[in-house]
Amino acid sequence: MSELITADLVDLDLSAATKDAAARSLAERMVAAHRVTDLDGFLADVAAREAQMPTGLDGGIGIPHCRSEHVTAPTLAFGRSAAGIDFGAADGPADLIFLIAAPAGADDDHLTILSGLARRLMDSEFTAALRAGTDPAAVAALIRGEEPAKEPVPEAEGTEPEPEAETAEAAGSVPFRIVAVTSCPTGIAHTYMAAESLAAAGRAEGVEVTVETQGSGGFKKLDPAVIAAADAVIWAHDVEVREKTRFRGKPVVDVGVKAGINRPAELIAEARRKAERGEVAAMSEADGGKDSGAGEADRSGAEHAHFGVRLRTYLMSGVSYMVPFVAAGGLLIALSFAIGGYEIASAKSVADHFVWGEADSWAALLNQIGSAAFAFLVPVLAGYIAYGMADRPALVPGFVGGSIALTVNAGFLGGLVAGLLAGAVVMAIQRVPVHATLRGIMPVLVIPLIASAVVGFLMFIVVGKPIASLQNALTDWLNGLSGSNAVILGVVLGLMMCFDMGGPLNKVAYAFAVGGLADPTDGSLKVMAAVMAAGMVPPLAMALATTVRKKLFTKTERENGRAAWVLGASFITEGAIPFAAADPLRVIPSVMAGGAVTGALSMAFGATLRAPHGGVFVVPLIGEPFLYLLAIAAGTLVATALVVLLKGARRAAPDPAGEAGATGSDDSRVTVAV
């Protein structure tokens with residue numbers, strides 16, 4: 001902390017009237033101290049951070065802060081305003097203003113020190129001492145934590161010391177347990193202040209609060225055992241919570257980070273109420289993992305994982321970010337075919353030829369918008385695989401590599417390789433020690449520049465053409481599939497789609513199918529049809545089973561079954577997850593068998609599909625639509641028959657656990673699984 005603030009960076013008579021003027025006045029002190037190289041550039045970064053969310057806090061505190069390439073070393077400047085300055089806090093102007101400047105590439109140690117200051121701002125004695133200080137050097141020492149220890153106050157003669165409050169453990173009871181996640185856009189101040197505020201409120205309320213701070217300098221994951229033992233969850237965040245699915249089955253209070261700072265006791269009380277009512281947050285696999293925006297910080301928790309696990313995580317990161325482009329672009333293209341026919345793909349550009357009253361012009365417009373979205377598939381895949389490996393510095397080389405993959409006709413496989421190459425190159429560069437003066441420009445200039453050049457060379461000169469040849473061979477193989485080969489592929493894809501219902505295997509099969517749509521052939525369109533058909537089976541089968549044999553299912557399951565009709569028809573495989581979570585040994589094998597039948601029949605019938613999503617709503621765009629629906633119906637019937645048979649056999653030979661499932665007494669267990 002001694003390097004972060006000195007007396008020259010303290011202004012006890014800050015005369016600024018606005019937050020912009022206050023930031024400028026304190027930043028000028030940083031420039032004079034040679035901590036900031038470009039005043040206007042730095043202030044622009046401060047203003048951009050302020051635009052994301054006001055930095056005023058209750059209690060008269062303002063903490064404008066940012067990470068900037070114009071900062072040479074982590075720095076604090078402190079100003080005290082007699083009149084007060086509006087930083088957007090609900091309780092009025094701030095008289096204590098901290099300007100926090102961190103280099104774009106600040107290391108974890110400096111960010112830890114900054115987070116320590118943020119926590120101290122929650123201490124009323126600390127802020128009172130700042131308001132009373134008269135000497136800049138003494139105030140700087142106070143902020144650095146160098147103030148002398150306070151002498152203990154002697155007890156009055158003849159009085160007995162008050163007994164300490166009896167803890168819940170001492171009383172023989174288990175305390176209410178909460179796990180929390182706090183995060184803010186820069187991860188410097190609000191993240192840690194919210195964590196400290198929640199922890200302090202928990203101590204006051206007799207509640208055990210364990211917090212995971214997802215700051216930009218990294219985060220340490222909560223122990224799974226701690227999460228499992230928790231009674232409720234609090235998310236106080238302004239950026240997406242990473243790996244949400246760790247908290248599945250728990251009551252969740254979901255608020256902004258400022259709520260965690262300003263009203264922690266209310267959040268704890270709300271968490272208690274939700275736990276008492278049994279309110280459980282519903283979430284799917286799409287809410288977790290890297291799709292939640294995890295970057296380098298997340299790698300710190302998984303760097304010792306098995307290579308196969310890490311590789312799957314990187315690939316799923318790219319696939320998850322690619323899916324919205326697939327859905328938007330693919331459905332627009334599919335709709336254009338429905339309006340104008342397949343020949344609309346060769347229409348002239350609507351920028352030059354568009355007639356308001358012609359259906360073909362509108363079809364061409366939809367097709368060309370969808371094609372523009374589809375053009376991003378491979379670059380986005382590559383970019384976010386790289387992002388999952390090495391965070392934001394890897395985005396540029398990842399996107400560049402993905403674009404080159406399209407240029408050299410390496411397609412979907414080329415995008416996979418480009419993303420992995422970009423992430424590996426950036427990770428290698430990040431391990432090279434550099435001088436402190438270069439750290440600020442490394443993530444925004446040096447790393448993207450060098451990594452893009454290296455990845456571009458590898459994709460153009462070394463690996464691009466061989467991958468293109470492999471891609472062509474795969475395309476030829478798909479086009480040549482017929483008879484038993486096509487059926488076997490359909491079985492495999494059906495099993496993958498139904499095994500984890502939205503999990504990694506499901507996504508792998510879906511990504512394989514979608515990759516073929518970027519350059520569609522007869523074989524790739526058959527694969528897409530088989531994948532979507534199989535993915536519809538699990539929720540449809542569970543919906544049918546809860547309709548024909550209601551007594552085998554709990555009340556909650558029967559309610560979920562009604563929703564599963566719509567989810568299955570819409571190709572949302574996750575609609576069967578509540579049933580699989582409640583009874584995996586009977587449900588999962590049953591739906592896998594049904595999915596395998598559907599995938600095999602779809603391939604055998606030669607059904608094709610140009611849309612990547614949509615379920616029964618895109619049936620008009622399916623080749624051999626009646627046979628396609630027959631394949632779905634057959635798989636649904638097989639899965640339904642098996643799950644009814646297996647559950648019926650359990651009911652015929654009841655045991656204590658089995659009776660609970662049959663009579664509906666485990667409704668709470670099923671609700672938690674949702």
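Below, all heavy atoms of this structure are taken into account, side chains as well, without hydrogens, waters or symmetry copies. Since the model is a prediction, treat every value here as computed from it, not as a measurement.
- Side-chain atoms of Tyr628 come within 3.5 Å of backbone atoms of Ala533 as a donor-acceptor pair (strictly under, hydrogens ignored).
- In this structure, OG in Ser183 is found 9.5 Å from CD in Glu212, a value given to the nearest 0.5 Å.
- For the atom pair CE of Met30 and CG of Leu43, the computed distance is 10.0 Å after rounding to the nearest 0.5 Å.
- Listed for the Thr72 side chain is a donor-acceptor partner under 3.5 Å among the backbone atoms of Arg35.
- Nearest approach of Pro103 to Val71, heavy atoms of both residues: CB-O, 3.6 Å.
- The backbone N or O of Ala73 lies less than 3.5 Å from a partner atom in the side chain of Thr75, making a donor-acceptor pair.
- Atom CG in Leu395 sits 12.0 Å away from atom CD1 in Ile447 (nearest 0.5 Å).
- Looking at Thr598, its side chain never comes within 3.5 Å of a backbone N or O of Ala534 through a donor-acceptor pair.
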Would you tabulate the side-chain donor-acceptor contacts of residues 368-378 under 3.5 Å, counting partners in other chains and residues two or more places apart, or write 'none'?
{"from": "Gln368", "atom 1": "OE1", "to": "Val350", "atom 2": "N", "distance (Å)": "3.0"}
{"from": "Gln368", "atom 1": "NE2", "to": "Lys348", "atom 2": "O", "distance (Å)": "2.9"}
{"from": "Ser371", "atom 1": "OG", "to": "Asn367", "atom 2": "O", "distance (Å)": "2.8"}

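- Contact record, Ser452 with Val396: OG-CG1, 3.4 Å, taken as the closest heavy-atom pair.
- Shown here are the ring pair (Phe, Tyr, Trp, His ring centres under 6.0 Å) partners of Phe354, two or more places apart in sequence or in another chain: Trp356, Trp362.
- Taking each heavy atom of Pro397 and Val426 in turn, the nearest pair found is CG-CG2, 3.9 Å.
- At least one side-chain heavy atom of Phe399 sits under 4.5 Å from a side-chain heavy atom of Tyr384.
- Between Lys465 and Phe460 the shortest side-chain heavy-atom distance does not fall below 4.5 Å.
- To the nearest 0.5 Å, the span separating CD1 on Ile339 from OG on Ser361 amounts to 11.5 Å.
- In this view, Leu525 and Leu517, Pro520, Thr608, Arg610 satisfy the side chain to side chain contact (heavy atoms under 4.5 Å, CB included) rule, not counting sequence neighbours.
- Looking at residues two or more places apart in sequence or on another chain, you find a side chain to side chain contact (heavy atoms under 4.5 Å, CB included) between Leu495 and Val491, Met592, Ala596.
- The two residues Leu601 and Ala631 make their nearest non-hydrogen contact at CB-CB, 3.7 Å.
- Counting heavy atoms from C-beta outward, Val531 and Met497 have side chains that approach closer than 4.5 Å.
- Not counting sequence neighbours, the partners of His237 by the side-chain hydrogen bond (donor to acceptor under 3.5 Å, both in side chains) test are Asp254.
- Thr37 contributes a side-chain N or O that, together with a main-chain N or O of His70, makes up a donor-acceptor pair within less than 3.5 Å.
- In this structure, the separation between CD1 on Ile488 and CG on Leu493 is 12.0 Å, given to the nearest 0.5 Å.
- Heavy atoms only, all atoms of each residue included: Ala422 and Ala386 are closest at CB-CB, 3.8 Å.
- For the pair Val400 and Val455, the minimum side-chain heavy-atom distance is 4.5 Å or more.
- In this structure, Arg246 and Lys221 have side chains that are in contact, with non-hydrogen atoms separated by less than 4.5 Å.
- Leu449 contributes atom CG, which lies 9.0 Å from atom CD1 of Ile429 (distance to the nearest 0.5 angstrom).
- Pairing each heavy atom of Met532 with each of Leu609, the nearest pair is CE-CD2, 3.4 Å.
- Residues Val31 and Phe42 fail the side-chain proximity criterion, which asks for heavy atoms closer than 4.5 Å.
- Under the 4.5 Å side-chain criterion, counting only non-hydrogen atoms from C-beta, Met536 is not in contact with Thr573.
- Residues passing the salt bridge (charged side-chain N to carboxylate O under 4.0 Å, His left out) test with Asp352: none are found, sequence neighbours excluded.
- You'll find the side chain of Tyr510 reaches within 4.5 Å of the side chain of Met528, heavy atoms only.
- Contacts of Leu627 classified as side chain to side chain contact (heavy atoms under 4.5 Å, CB included), with partners at least two apart in sequence or in another chain: Phe605, Glu624, Leu630.
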Test side chain to side chain contact (heavy atoms under 4.5 Å, CB included) applied to Leu489 and Met603, step by step:
CA-CA 8 Å; Leu489 179 60; Met603 293 294 283; 4.1 Å; yes

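- Every side chain to side chain contact (heavy atoms under 4.5 Å, CB included) that Pro64 has, sequence neighbours left out, goes to Val46, Glu50, Thr55, Phe87, Ile97, Leu99.
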